[in-house]
Amino acid sequence: MTTENKVKVQLVRSPIGTKESHRATVRGLGLRGVNSTSELQDTPAVRGMINKISYLVKIV
């Protein structure tokens with residue numbers, strides 16, 4: 001796989017105080033603490049998860 005098929009996501013806000021489903025989405029993306037990053041396959045499912053918690057993450 002090349003880097004064109006990957007997306008790198010960084011958690012920039014804490015999920016404390018958010019909905020449980022949003023916290024589960026953060027964990028599902030492989031993000032742990034604030035400023036942690038994860039490199040994931042660029043699929044519609046992953047894009048949907050990023051869109052759901054867009055206020056917590058940024059794409060690096």
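Everything numeric in this text was worked out from a predicted model, so none of it was measured. Keep in mind that the numbers below use all heavy atoms, side chains included, and drop hydrogens, waters and symmetry copies.
For the pair L29 and I53, the minimum side-chain heavy-atom distance is below 4.5 Å.
Note that the CD atom of Q41 and the CG atom of N5 stand 6.5 Å from one another [nearest 0.5 Å]. Atom OG1 in T25 sits 9.5 Å away from atom CD in E20 (nearest 0.5 Å).
Among I50, V12, T37, the single residue meeting the side-chain contact (heavy atoms from CB on, under 4.5 Å) criterion with K58 is V12.
In plain terms, the two heavy atoms of L31 and S36 that are nearest each other are CD2-O, 3.5 Å. Nearest heavy atom pair, residue S38 against residue L40, reads OG-CD2, 3.6 Å. Nearest heavy-atom pair across L56 and L11 is O-CD1, 3.5 Å.
Around the CD1 atom of I59, the shell of radius 6.0 Å holds more than 12 heavy atoms that belong to other residues, nucleotides or ligands.
I16 and Y55 are not part of a single hydrophobic cluster, where members link through side-chain heavy atoms under 4.5 Å apart.
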